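Read through the structure below, which is laid out as C-alpha cells, and then see the notes.
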Amino acid sequence: MAEFGYEDVRPDDILNAENAGLIAAEFNFDPIPPLPEDMDLYPTPDPEDKSTLPLRPPVVTIMGHVDHGKTTLLDYLRKSSVAASEFGGITQHIGAFNVALSSGKTITFLDTPGHAAFLNMRQRGANVTDIVILVVAADDGVKAQTEEAIKHAQSAGVPIIVAINKIDREGADVQRVKQDLARHDLYVEDFGGDIQAIPVSGKTGQGMEDLEEATSLLSEILDHRADPTGPVEGHIIEASTKERGRVSTLLIRRGTLKVGDIIVAGTTFARVRTMRNEAGVEVDSVGPGMPTEIDGWRGQPEAGDEFLEAPDEQRANEAIEYRTVTRERIKMAKDMEVIAESRKQEHERREKQAWREEEIAKATKAGIKNPIQYVNELEKAAESDPETKQKREEVPLVLKADVSGSEEACHDYIMTVGNNEVCPKIARSGVGPVTEFDVEFASTANGYIVAFNVEIPQHIRRLAGYHGVKFIENNVIYRLVDDIKAVLEERLPPLVTHKVTGEAKILQTFEIGIGGRKKLRIAGCRVENGMVKRTSKVKVLRRNEVIYQGTLSSLKNVKRDVSEMRKDTECGIGFDNWSDFREGDSIQCYEEVFQKRYL
Ligand code: GDP
C-alpha cells in the first residue's frame with residue numbers, strides 16, 4: 001500500500017470499500033459494483049398542487065406526562081370509533097382508530113399512549129402524526145414529560161393542541177396551566193399565541209366534543225389532502241404475531257389498499273390476504289389517513305417502516321435484495337470504521353507512551369531535575385498548540401431499541417449530551433434484542449451497550465460480564481439519557497482546586513553539609529498560618545508569582561526531623577531538587593481537592 005502511495009498505513013489497518021476496490025483493480029480484479037438503485041422502490045412524489053385532491057382525516061397522537069390522562073382520553077374517544085359504531089362491535093387495539101364528528105368529518109387517533117408511539121413513527125424523517133394533542137392535568141400543570149412531549153412535537157414540526165384535562169377535579173386551575181405553558185414557550189390563545197387549549201374531562205366527557213372540533217378545525221386550516229388513486233403507500237404503525245400469523249397495522253398515506261395488493265416494507269413483503277378495521281371486521285379497501293390491520297407477511301416488518309406498493313412479487317423481491325445487500329454493506333462499512341478507529345486510538349496511545357518514555361530518558365540524561373514534570377509540561381504545551389489539540393473524548397455506544405422509531409429518537413436525544421471534552425458516539429445501532437455480536441463489538445470499541453425497551457437475554461448478560469461490557473438500560477428516554485450523561489461525567493477529568501493548608505515565610509537561608517563535600521541549601525522559615533507538613537505539596541511564591549511547585553525533601557526543627565510544624569514556630573525546609581529560594585519568598589502548603597464535574 002505504501003508503494004501505491006498510501007500514507008500512514010499500519011499492518012492492522014482495515015481497508016474501506018473504496019480503497020479495497022482500488023487495490024483490487026491494481027491487480028486486475030473486478031470489484032463487484034453496487035446493485036443498481038432502480039432495483040429499489042420509491043414513493044411517488046407529491047403533486048405540486050394538492051388543492052384538487054380530496055381531504056383526508058388528520059392523524060393525531062396523544063402525548064403528555066404520566067397520569068395526566070392520555071389513556072383515559074383515548075378510551076373515551078375509542079368508544080366513538082367509526083368502525084365499532086358501524087359494525088356494532090367494540091374497538092380492539094390495533095394501533096389506531098378512526099372517530100366521526102357530528103360534522104361528518106373523521107379523525108384518526110394513534111392508539112398507543114405515551115411518547116413511544118410518536119417516536120416509532122419517525123422513521124426516515126417521515127412524520128406520520130399530523131397533530132399532537134398535549135394532555136396536561138389541570139391540577140398538576142407542566143411536568144417533565146410534558147416538556148419532553150413539547151420538545152418532540154416541536155422538533156418534528158408537528159402542531160400542538162393542548163387538552164387541559166381533569167377539569168372536574170377540585171384544585172383544577174386552567175389559567176395556571178396556560179401560564180405554565182407560556183413559561184415553557186408554548187403560547188395558547190389569550191396568552192399571546194394561537195395554540196388552541198381546550199379544557200376537558202376524560203372522566204365526565206366534558207369538553208371532548210370541543211377537543212374533536214378543534215382538531216378538525218386545525219386539520220382544515222392545515223389542509224390535509226391525499227390522492228386516493230395510484231400506488232398505495234404509508235407506514236407500519238404496529239407489527240406483531242397473532243393467532244392467524246404475522247399481522248401489522250398500516251396507516252395509509254396515499255392510494256387505496258386492497259386485498260391482493262403487494263407491499264414492501266423494510267426487507268420483507270406481503271401479499272395482502274385479509275384487511276380488518278379496528279372492530280376486527282374484514283374490509284376490502286382502505287384509503288388515505290385510515291388505519292387497517294393486515295396479514296399476509298412473509299417476514300416480520302417493523303413499526304415505523306415505510307411501506308410501498310410493488311406491481312408484482314418479482315419487483316418486491318428485487319427491491320428486498322437491493323435493500324438487504326445495501327444495508328449489510330453499510331453496516332459492515334460502519335463496523336469496520338469503528339474497529340479501525342479504535343485501533344488507531346490504541347496505536348496513538350502507544351506512540352504517545354513511547355514518546356513520553358523517550359523524552360523522560362532524554363531529560364534525565366540532560367540533567368533536568370524533575371524529568372517527569374518537565375515532560376508533562378512539554379506535553380501540555382503540545383496539547384495547547386491548536387495544531388495538535390486533542391479531539392474531545394468520544395465514548396462509543398452500541399444502541400439497541402425495540403423499534404426503529406425509538407432507535408432514531410434515542411439516537412437524536414443521545415447526541416444532544418456532551419461538551420467539548422467528552423461526547424457520546426453511536427458506533428452501531430439497531431433494532432431488536434442485544435446480540436453476541438453487539439457485546440463483542442462493544443468490547444472491541446471499549447464502549448457501552450445502550451438498551452432501550454429491549455430484552456437482554458441471560459446468556460448475553462453473562463457474556464457481557466465476561467468481556468467487562470456494561471449496559472445502560474431504561475424504558476424512559478430521558479432517564480436513559482441521564483444514565484448516559486452519568487457515564488460521560490465519569491470520563492470528565494475532575495476539577496482540581498488547591499486548598500491552602502499552611503503558609504510560611506523564608507527569613508534566612510543557610511547551607512548544611514550532607515556528607516563529603518556536598519551541601520544542601522535550607523530555608524529557615526517561620527510558619528505564619530496553618531501547618532507545614534513534611535508530606536505537603538508546596539508552592540514557593542516571589543512577588544505573588546509561583547517560582548517552584550513540588551514537594552519537601554526535609555523539615556527540621558533545629559536538628560530534629562519532624563513531620564509537621566504549627567503556626568508561630570520556626571523550622572528549616574529543604575525542597576526536592578530545588579534550591580533557588582531567597583529571603584522574603586513565601587511558601588504555601590496545599591492540598592489538591594478533586595471535585596466531580598457534571599455535564
Ligand atoms: P396516563 O398515564 O396519561 O395514560 O393517565 P391515565 O389515563 O391512566 O389517568 C391517570 C389517572 O387519572 C387515572 O386514575 C384516571 O382515572 C384519572 N383521570 C384521567 N382523566 C381524568 C379526568 O378527566 N378527571 C378525573 N377526575 N380523573 C381523571
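What you see is a predicted model; the values in this text were computed from it and never measured. Order of listing sets the numbers, starting from 1, for every ligand and every atom in it.
For the pair Asp438 (side chain) and Thr435 (backbone), a donor-acceptor distance under 3.5 Å is present. Between the Arg273 side chain and the Ile294 main chain, no donor and acceptor come within less than 3.5 Å of each other.
For ligand 1 and Val66, the ligand atoms under 4.0 Å from any heavy atom of the residue are 2 (O). Against a heavy-atom cut-off of under 4.0 Å, His65 is close to the following atoms of ligand 1: 3 (O). Residue contact check: Gly202 has heavy atoms under 4.0 Å from atoms 22 (C), 23 (O) of ligand 1.
Of the listed residues (Glu170, Lys166, Met63), the one carrying the non-hydrogen atom nearest atom 21 (C) of ligand 1 is Lys166. Ranked by closest heavy atom to atom 24 (N) of ligand 1, the top entry among Leu73, Asp168, Ile164, Asp67 is Asp168.
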task = Could you give me the CA-CA distance, side-chain angles and deciding distance for Glu282 and Thr274, then say whether side-chain hydrogen bond (donor to acceptor under 3.5 Å, both in side chains) is met?
result = CA-CA 7 Å; Glu282 284 194 28; Thr274 50; 5.0 Å; no
Please walk me through it: do Asp75 and Thr72 pass side-chain hydrogen bond (donor to acceptor under 3.5 Å, both in side chains)?
CA-CA 5 Å; Asp75 284 346; Thr72 310; 5.7 Å; no
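Residue contacts with ligand 1, taken as heavy atom pairs separated by less than 4.0 Å, involve Arg169 solely via side-chain atoms from C-beta onward. The proximity of Thr72 to ligand 1, defined as any non-hydrogen pair under 4.0 Å, involves the side chain as well as the backbone.
In this structure, a donor-acceptor pair under 3.5 Å is present between the side chains of His68 and Asp140.
Between Ile167 and ligand 1, no pair of N/O atoms sits closer than 3.5 Å.
Other residues, nucleotides and ligands place no more than 12 heavy atoms under 6.0 Å from the CD atom of Glu209.
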